[in-house]
**Student:** 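One structure, as structure tokens, below. Some questions next.
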Protein chains: 2
Amino acid sequence: MTSAGPTRAERRRNTEQRILAAARELFAERGFERTTIRAVASAAQVDPALVMQYFGSKQQLFSQAVRISVAGTGTGTGTGTGTGTEAGTDTGDRPRTGGPEALTDSLLASLGMKIGGLPEASLAMLRSMLTHPEAAEAARAALDHQITELAAAMSAGHEAERQAHDARLHAALAVATMVGVTIGHQLLGIDDLRRASPEEIAAALRPALHALVTGAE
Amino acid sequence: MTSAGPTRAERRRNTEQRILAAARELFAERGFERTTIRAVASAAQVDPALVMQYFGSKQQLFSQAVRISVAGTGTGTGTGTGTGTEAGTDTGDRPRTGGPEALTDSLLASLGMKIGGLPEASLAMLRSMLTHPEAAEAARAALDHQITELAAAMSAGHEAERQAHDARLHAALAVATMVGVTIGHQLLGIDDLRRASPEEIAAALRPALHALVTGAE
DNA sequence: GGTTTCGCTCAACGTACGTTGACTCAACGA
DNA sequence: TCGTTGAGTCAACGTACGTTGAGCGAAACC
């Protein structure tokens with residue numbers, strides 16, 4: 001009977017996480033504009049006013065849910081999308097070592113995760129980046145970061161044979177390709193992509209990514 | 001002095017086109033949700049009520065501006081995005097004839113047009129497709145159509161050597177790649193893509209698209 | 001046990017939006 | 001010339017939203 005109920009701090013953290021989870025889910029499936037604080041509160045079984053009291057504003061709720069610093073000038077957590085616990089978009093985990101094949105594989109591995117189940121925070125980000133300015137800014141930063149990492153790993157192979165300019169362009173195209181495939185698969189639900197297994201997609205995409213990473217001319 | 005002013009029908013068509021142009025521009029740069037009828041009317045130097053009187057609703061204005069039928073069950077004009085006069089997304093004009101190289105070239109040519117200056121109707125469509133259900137539906141239909149065309153052209157080469165299933169998957173990935181690059185370049189404004197000329201992008205992308213269209217395994 | 005803290009709710013404000021109906025006035029046809 | 005049509009405006013309605021401040025009740029502290 002006398003089961004010790006959760007402490008006050010526990011309850012607080014609990015509902016805070018419940019709100020964040022609901023926000024992530026709704027932001028991911030409807031985007032920033034179509035997601036109302038009332039809907040988030042309702043999904044978290046909480047009063048809308050509480051969401052405001054905890055997160056300050058809808059924008060800050062979004063930032064917290066997607067784990068971006070937002071702030072002002074834009075340095076903040078730097079990496080962009082996913083430094084938090086479960087936020088993703090960590091495309092190309094550590095493509096430091098290995099040849100082009102390893103690079104391609106690491107890209108494809110991250111794609112497999114994306115297609116398997118991209119964290120909702122990243123989906124929320126992708127979903128809103130075309131219509132919500134702050135999300136666009138964060139997405140640009142995150143993608144730029146990925147491009148930089150990938151380009152560095154690419155030009156690490158061929159000493160100075162390849163111009164850094166070229167490496168960044170090819171890296172940008174590779175990243176854009178991943179974005180396009182992810183959008184088509186996860187957000188638009190293109191049939192031919194939905195039907196295919198992550199392995200099939202990875203296999204079909206490998207030569208193309210390899211060509212981009214290698215930089216054949 | 002007695003300059004014959006424009007006739008009534010002329011004026012009507014004129015302002016109607018002015019409204020549509022303003023709508024396209026705003027939808028393209030802000031998306032459906034953030035574009036208000038008041039803003040469109042103001043840009044067209046017209047009263048908001050007139051926009052309603054001419055187009056019925058914001059949704060129908062969007063549909064007209066992007067040239068989609070919308071309607072109810074979804075058959076309509078079928079093809080999707082661009083049957084109208086200037087609406088684009090006509091990726092791969094007529095890739096009927098020629099080998100894989102010709103296919104790749106035609107894809108790249110359409111990309112060049114996109115990057116050079118994609119029609120605002122298509123930009124409006126792309127901008128809103130992740131957050132506006134009707135736009136998503138139309139985008140799916142348009143992309144499916146492109147995939148079908150591309151897949152047909154692809155499997156026309158190798159008689160029955162390649163499964164139709166595979167052709168469609170590869171075609172879908174090629175189309176998704178183009179979407180990703182276009183989004184990165186036009187809507188997000190990724191620096192490394194913005195800096196590159198259409199020719200550079202086409203050259204860098206060619207081997208990758210060739211790999212997808214060819215279907216190397 | 002009394003007081004304070006704080007998680008949480010209730011009711012409401014202000015605003016921006018899509019949308020509507022009545023109205024004005026110049027072009028048009030007879 | 002006179003009545004009619006229709007392009008365009010004005011003022012307003014209803015609503016949904018982000019946001020706010022006062023208040024309640026149970027846990028926490030002494």
Side-chain angles (χ1 to χ4, degrees), chain A residues 1-23 26-27 30-66 70 124 128 131-135, chain B residues 1-23 26-27 30-66 70 124 128 131-135:
Chain A
M1 301 283 189
T2 56
S3 62
T7 169
R8 192 138 75 171
E10 281 173 345
R11 274 187 66 84
R12 159 84 192 227
R13 251 194 316 266
N14 206 310
T15 58
E16 201 169 296
Q17 289 305 316
R18 214 168 58 238
I19 293 173
L20 277 177
L26 289 176
F27 281 138
R30 304 186 195 174
F32 183 84
E33 323 282 352
R34 292 184 101 89
T35 298
T36 72
I37 285 199
R38 284 172 161 86
V40 171
S42 172
Q45 288 176 316
V46 147
D47 192 273
L50 193 65
V51 179
M52 294 302 298
Q53 190 176 130
Y54 282 179
F55 298 95
S57 73
K58 185 184 176 183
Q59 169 58 43
Q60 288 179 48
L61 171 64
F62 180 78
S63 302
Q64 279 283 333
V66 191
V70 123
S128 302
T131 44
H132 186 51
E134 313 266 4
Chain B
M1 305 296 180
T2 55
S3 62
T7 169
R8 192 137 75 171
E10 282 173 345
R11 277 188 62 85
R12 160 84 192 226
R13 252 194 315 265
N14 206 310
T15 59
E16 201 168 298
Q17 289 305 315
R18 215 168 58 238
I19 293 173
L20 277 178
L26 289 174
F27 281 139
R30 305 185 194 175
F32 183 84
E33 323 283 350
R34 293 184 101 89
T35 297
T36 71
I37 285 199
R38 283 170 160 88
V40 170
S42 173
Q45 288 175 319
V46 148
D47 192 273
L50 193 66
V51 179
M52 294 301 299
Q53 191 177 135
Y54 282 178
F55 298 95
S57 71
K58 184 183 176 184
Q59 170 58 43
Q60 288 178 46
L61 171 63
F62 180 79
S63 302
Q64 280 282 335
V66 192
V70 124
S128 302
T131 44
H132 187 50
E134 315 266 4

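In what follows, chains are A, B, ... by sequence order, proteins preceding strands, each numbered from 1. Hydrogens, waters and symmetry mates are skipped; everything else that's a heavy atom, side chains included, is used.
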**Student:** Quickly work out the A:F32 CZ to D:dC17 P distance and round it to whole Å.
**Tutor:** 13 Å
**Student:** Anything under 30° is parallel, anything over 60° is perpendicular, the rest tilted; go ahead and classify B:H132 against B:F32.
**Tutor:** parallel
**Student:** What is the distance, to the nearest angstrom, from the CG atom on A:D47 to the P atom on D:dT20?
**Tutor:** 14 Å
**Student:** Give the rounded distance in Å between these two atoms: CG of A:N14 and P of C:dC8.
**Tutor:**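 Between P of C:dC8 and CG of A:N14: 9 Å.
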**Student:** In this structure, how many angstroms lie between the C1' atom of D:dT5 and the CZ atom of B:R8, rounded?
**Tutor:**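 Nearest whole value for this atom pair: 5 Å.
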**Student:** When you measure from the side-chain N and O atoms of A:T15 to the phosphate of C:dC8, is any distance below 4.0 Å, counting only OP1 and OP2?
**Tutor:** yes
**Student:** Give a yes/no answer on whether the side chain of B:R11 brings an N or O atom under 4.0 Å of OP1 or OP2 in D:dG8.
**Tutor:** yes
**Student:** Which of these passes side chain to side chain contact (heavy atoms under 4.5 Å, CB included) with B:R13: B:E10, B:R11, B:E16?
**Tutor:** B:E10
**Student:** Does the base of C:dG18 carry an N or O that pairs as donor and acceptor with the side chain of B:R38 under 3.5 Å?
**Tutor:** yes
**Student:** Between C:dC10, C:dG18, D:dT19, which nucleotide has the shortest distance from any of its atoms to the side chain of A:K58?
**Tutor:**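 Per side-chain heavy atoms of A:K58, the pick is D:dT19.
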**Student:** Between C1' on D:dG25 and CG on A:L50, what's the gap in Å once rounded to a whole number?
**Tutor:** 15 Å
**Student:** Which distance, rounded to the nearest 0.5 Å, do you find between the CD1 of B:I19 and the CG of B:L50?
**Tutor:**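 Here the interatomic distance stands at 5.0 Å.
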**Student:** Measure the distance from CZ on B:R30 to C1' on C:dA16 and round it to the nearest whole Å.
**Tutor:**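 Those two atoms, CZ and C1', are 14 Å apart.
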**Student:** How close or far is atom P of D:dG23 from atom CD of A:Q53, stated in whole angstroms?
**Tutor:**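 Rounded to whole Å, this separation is 16 Å.
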**Student:** Measure from the side-chain heavy atoms of A:T36 and tell me the nearest of C:dT9, D:dG18, D:dC10.
**Tutor:** D:dG18
**Student:** Any side-chain heavy-atom pair from A:T35 and A:F62 closer than 4.5 angstrom?
**Tutor:**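 Side-chain contact under 4.5 Å: no.
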**Student:** Just N and O in the side chain of B:T7: are any of them under 4.0 Å from OP1 or OP2 of C:dA27?
**Tutor:**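 No, B:T7 has no side-chain N/O under 4.0 Å of OP1/OP2 on C:dA27.
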**Student:** Counting only side-chain heavy atoms from C-beta out, which of D:dT9, D:dT19, C:dC8 sits nearest to B:V46?
**Tutor:**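 It is D:dT9.
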**Student:** Assign B:Y54 to base, sugar-phosphate, or nothing according to its heavy-atom contacts below 4.0 angstrom with the strands shown.
**Tutor:** sugar-phosphate
**Student:** From CE of B:M52 over to P of D:dA7, roughly how many Å is that when rounded to an integer?
**Tutor:** 17 Å
**Student:** Is there side-chain contact between B:P133 and A:R34, with heavy atoms separated by less than 4.5 Å?
**Tutor:**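 Side chain of B:P133 against side chain of A:R34, heavy atoms only: contact under 4.5 Å found.
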